[in-house]
Each structure stands twice: as C-alpha cells, then as structure tokens.
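Notes follow the structure.
Throughout, numbering of the chain's residues begins at 1 and tracks the sequence.
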Amino acid sequence: MVCYNLNMRYAEFSNGTKIIDGEKGIADLHILFGGLGASRIMIIGDRRMMSEGYLDKVKERVREGGEIAVGAVYLGEDTQDSESALRDLYFVYMSNGCDGIVVCGSGKLVDYAKLLRLAVSTQVKDIQKFFNNSSIGRKVVDVPLITIPRKLGVGNECNALAVYYDSKKKLSRNIFNELLSPDYCIIDGNIISSATKSSMAYGVLSTLGKAIDGFIAVQYARVGIAIKRVEAHAVGRIFSKVALTNLRAKALDMLASADEEKAVSFALDGAYLSKGLDSNGMGMIYSLALAISDVKGVSYSRCLPLAIKASLNYNLRVCQEKYSEALWSFVGWHEYSKYPKEEMAKAFVRCVEEFVDEVTDKYVEDRSPIILTDDDRQDIAVNLSYNPHMLNNPRHFDPIAIKAVLR
C-alpha cells in the first residue's frame, strides 16, 4: 500500500495531472516514481537550482529507500533553441537508460521536459511533426513525468501544452497533446517562496492573464460560447468564485508579505486554472506575449503587461457591448460594477490596467518600456497566425485591430 506524507494536500482536476503541496512537498518522490513504475530517473534543472541545493534534495528524495536510481542530471540553460535542447536531452535520457523524468524549474525547462516525454513516449524524435494538431501521437513507451515548479503562476508545470521555439524562423509554436500532461506537479513551499519579488510579480500577471483568457472570448460571435463553457466547466466555476474574485487582493497581499503559505496558496490557484484551460488552448494574452517576445527578442515575462492591456482593449474594440456579458466572472472587481452596462467594460479595463501598473511599478525590477514600430506590429500580427491553440482560432482575429491596440 502506498502511504503519502500526511502534511500534504492532494487535488486532481480535469487533465489528470495530480497536484501535491505541503511543507515537505518532495519527500515522497521515490514513492511516486515507484508507483509509476520508474526505476532510473533523469533530473532536469538549472545552475541556480543546483547552487541553492534544491537539486541535491531532489536526488536524495528520488534515491531514498534504495529502489529508485538517478540515471542522469541535466543542467539546462535558458536557451531558445528548442531543437538543440531537445536533441541533447534525448541523447542524455536514452544513453543513460532512464525511464522517468523529474524537472525542477520553470518556463522553458518544463516545456523541454514535457516535449522530451512526448518524443520518447511516441518514439517520434522530430517534435515539429506535432505542429499539426491533427497529428496523432500514440504512446509506445510509458515515461513518468513529475514537475516541481520554481515560480508561481507559470502554469506549464501541470497542463497539456508546451512551447517549441523554431530558431530558424524565429517563431514560437504551441503544441497541445495529452501526453504533455505531467503525472504529478509538486508545489514545494521552500522552492516557491525562494523566488524573487520580481519573479512573483510576473507570476501574478501570468495568473491574471490566464484568468482573462479563460473567461473572455476574443471574437464577438463567440462570447456566448465562452460564457457557457465557464458555466459548464467545474474548474471555471470554482476559480471564478474562489480565486478570480479575490485575485487582486490576494496577489497584493502575497507580494507584500514574506509568508510562504500565501505564496503556495497563490501557486495552487494558478496551477488549477492552468489545468482547467487545457481544452481551450493558450488564450490570446499568452499567445500575444509570446509573439511580442519572438519579434522583439525579450523574455515572455516582460511582455506580459503589454499583452494584457492590448488583449483587453482588443476585446473592447471587437466585442463592444457583448464584452460586458463576459465580465460576470470578475465579480470581485467592484470598481466597474457601479457603472451603466454600456460603460462597465471600459471601467473594468481601466481597473485591470491600474492593477497591472501597480504590480509592475512596485515589484518588477526591469520596467524599461518595449517600443514597437509599425513593422513590429505587423510582424506580431503575422506571428499570431501561426498559433493554432489560442482560445479562439487566430484565423478569426482582426489584424488591423491587433495592430491598433499595440502601443
């Protein structure tokens, strides 16, 4: 019988990834991998996680009991060349006889671990074959995957989406596949709370972006469909009632304190939301931030404030009065509720913009503006047309409106 740490909480939502958190979140790694049938684990991390001692702790927990071995430790850098990173990961994994993966980190490292799992599981080494979402990747080999996020709010540690960057075309491509969903996501309070305030602020903006993407459609004719999805989706109901309505107050409270429990609680909200959005794709804000990142050559996180504001104004421009109908999910943002219906959308947008500015001004270290030329705006609109997993198909968006709201 498998016994789990009594200090942990356990939750399981729509896509199958099981989320575990607690004071000793990584204590039962060896039990989890044993239950998944793995015996030789590849650990993926970065130099910071190594220098802070977290990878050593992961190794100790994997090997505890003597039944599970560590086959390899891979230290990845923040490279944007997905092809070379995956080639190296595949070689290390296969040459060391590994049969399971644990990734301790965030962002690209988690995406690479998920894509490695997809490649090994399906025995399809060329990940670009999965760009076409009609491609069928059948599991040939079972590859257990456990993620341990370093940052809150990112969300890729527990969903079925991954970003592949094509360095030749300078374009990010989003891949959706059920095999990308990790088996477990372990939210360890020590790791999450060790993040910088600036990193946490970007996590807040990422969570906000996913919340907006999940409940507001980007196309006038589809707003009603988006609302019905929220009404029918358990995660949508829970998040809109619990996390989304208190997101602003909860985020500011978390950022202003050094309380580990508050950071973990916020990380859990972001994780649950990410799981709930799997079936709906990436969303406009996430996709737009990636497009700006690709065109300007700056980090995705830095592009988030601009993407949130542009997406809100795009919806306001395209959806017009229908936009107000989608705002019922944001009932905790009381500032706009006193306005007449036709003014509610504009007031809500102003309210969210003020919140984004407050978080950015107080907690983000690099606040240098991202300057967009006319050519940049055109390139961003073209870039979005290659993204097949936005909340609504990008082939329906208005490129003129996109360029107009990018300031």
Side-chain angles (χ1 to χ4, degrees), residues 17 38 40-50 55 58 70-133 135-151 154-183 185 282 286 290 293-294 297 299-300 383 386-389:
T17 300
R40 193 169 178 83
I41 308 304
M42 179 178 182
I43 299 174
I44 301 174
D46 58 27
R47 297 190 185 282
R48 178 185 168 188
M49 302 303 289
M50 176 67 82
L55 294 190
V58 170
V70 174
V73 177
Y74 181 93
L75 297 181
E77 303 302 325
D78 191 18
T79 175
Q80 288 192 317
D81 187 356
S82 296
E83 183 178 0
S84 63
L86 287 170
R87 184 171 57 245
D88 291 345
L89 282 165
Y90 192 90
F91 173 79
V92 173
Y93 183 91
M94 299 300 291
S95 62
N96 286 281
C98 298
D99 60 4
I101 305 167
V102 57
V103 56
C104 189
S106 293
K108 293 185 180 67
L109 273 185
V110 175
D111 280 339
Y112 292 158
K114 292 162 69 174
L115 291 171
L116 172 64
R117 181 197 204 187
L118 181 62
V120 178
S121 295
T122 60
Q123 296 293 289
V124 177
K125 293 175 66 175
D126 184 5
I127 291 295
Q128 296 189 35
K129 290 184 178 179
F130 293 95
F131 286 169
N132 182 349
N133 57 7
S135 298
I136 300 175
R138 296 180 179 177
K139 183 168 69 173
V140 178
V141 181
D142 191 26
V143 182
L145 171 62
I146 296 177
T147 58
I148 308 172
R150 190 183 75 188
K151 300 177 182 177
V154 178
N156 62 343
E157 66 273 2
C158 58
N159 62 24
L161 292 159
V163 177
Y164 180 101
Y165 182 77
D166 187 334
S167 59
K168 295 177 182 177
K169 295 183 178 180
K170 297 182 178 180
L171 181 70
S172 290
R173 301 293 295 267
N174 304 320
I175 298 174
F176 175 81
N177 191 291
E178 290 182 359
L179 292 173
L180 292 172
S181 294
D183 294 292
C185 169
M282 298 293 282
Y286 196 104
L290 280 176
S293 174
D294 289 346
S299 71
Y300 157 78
N383 188 301
Y386 288 92
N387 188 333
H389 295 302

Subject >> Verdict with supporting geometry, K168 and D81, salt bridge (Lys or Arg N to Asp or Glu O under 4.0 Å) >> reply: CA-CA 9 Å; K168 295 177 182 177; D81 187 356; over 6 Å; no
Subject >> L109: which of D46, L75, L89 passes side-chain contact (heavy atoms from CB on, under 4.5 Å) >> reply: D46
Original post:
R117 pairs by side-chain contact (heavy atoms from CB on, under 4.5 Å) with which of L180, D183, T122?
Top reply: D183
Subject >> Distance-only side-chain donor-acceptor flag, N156 / K108, under 3.5 Å >> reply: no
When rounded to the nearest 0.5 angstrom, what is the spacing between [atom1] in [X] and [atom2] in [Y]?
| X | Y | atom1 | atom2 | answer |
| --- | --- | --- | --- | --- |
| I44 | I148 | CD1 | CD1 | 11.5 Å |
| D111 | L86 | CG | CG | 9.5 Å |
| F91 | N96 | CZ | CG | 8.0 Å |
| S181 | F176 | OG | CZ | 7.0 Å |
| S106 | E157 | OG | CD | 6.5 Å |
| S172 | N174 | OG | CG | 7.0 Å |

Subject >> CA sep, side-chain torsions, deciding dist, call: L161, I175, side chain to side chain contact (heavy atoms under 4.5 Å, CB included) >> reply: CA-CA 6 Å; L161 292 159; I175 298 174; over 6 Å; no
Subject >> Neighbour count above 12 (heavy atom, 6.0 Å) for R48 CZ >> reply: yes
**OP:** Walk me through it: do Y300 and Y286 pass the test ring pair (Phe, Tyr, Trp, His ring centres under 6.0 Å)?
**Re:** CA-CA 9 Å; Y300 157 78; Y286 196 104; 4.9 Å; yes
Heavy-atom pair with the smallest gap, counting every atom of [X] and [Y]:
| X | Y | result |
| --- | --- | --- |
| D294 | Y165 | OD1-CE1, 3.3 Å |
| V120 | V141 | O-CB, 3.9 Å |
| I127 | Y164 | CG2-CD1, 3.8 Å |
| C104 | M49 | SG-CE, 3.3 Å |
| A85 | Y112 | CB-CE1, 3.6 Å |
| A72 | C98 | N-SG, 4.2 Å |

Subject >> Exam field: side chain R87 to backbone S82, donor-acceptor pair closer than 3.5 Å >> reply: no
Original post:
Under the 3.5 angstrom rule, does the side chain of K114 hit a backbone N or O of N159 as a donor-acceptor pair?
Top reply: yes
Subject >> Full working for side chain to side chain donor-acceptor pair (under 3.5 Å) between K169 and N383 >> reply: CA-CA 10 Å; K169 295 183 178 180; N383 188 301; over 6 Å; no
Subject >> Audit row: I41, I101, side chain to side chain contact (heavy atoms under 4.5 Å, CB included) steps and yes/no >> reply: CA-CA 5 Å; I41 308 304; I101 305 167; 5.9 Å; no
Original post:
Taking C-beta and beyond as the side chain, do S299 and S293 meet within less than 4.5 Å on heavy atoms?
Top reply: no
**OP:** Kindly indicate, with the supporting measurements, whether the criterion side chain to side chain contact (heavy atoms under 4.5 Å, CB included) is fulfilled by Y93 and L116.
**Re:** CA-CA 9 Å; Y93 183 91; L116 172 64; 4.2 Å; yes
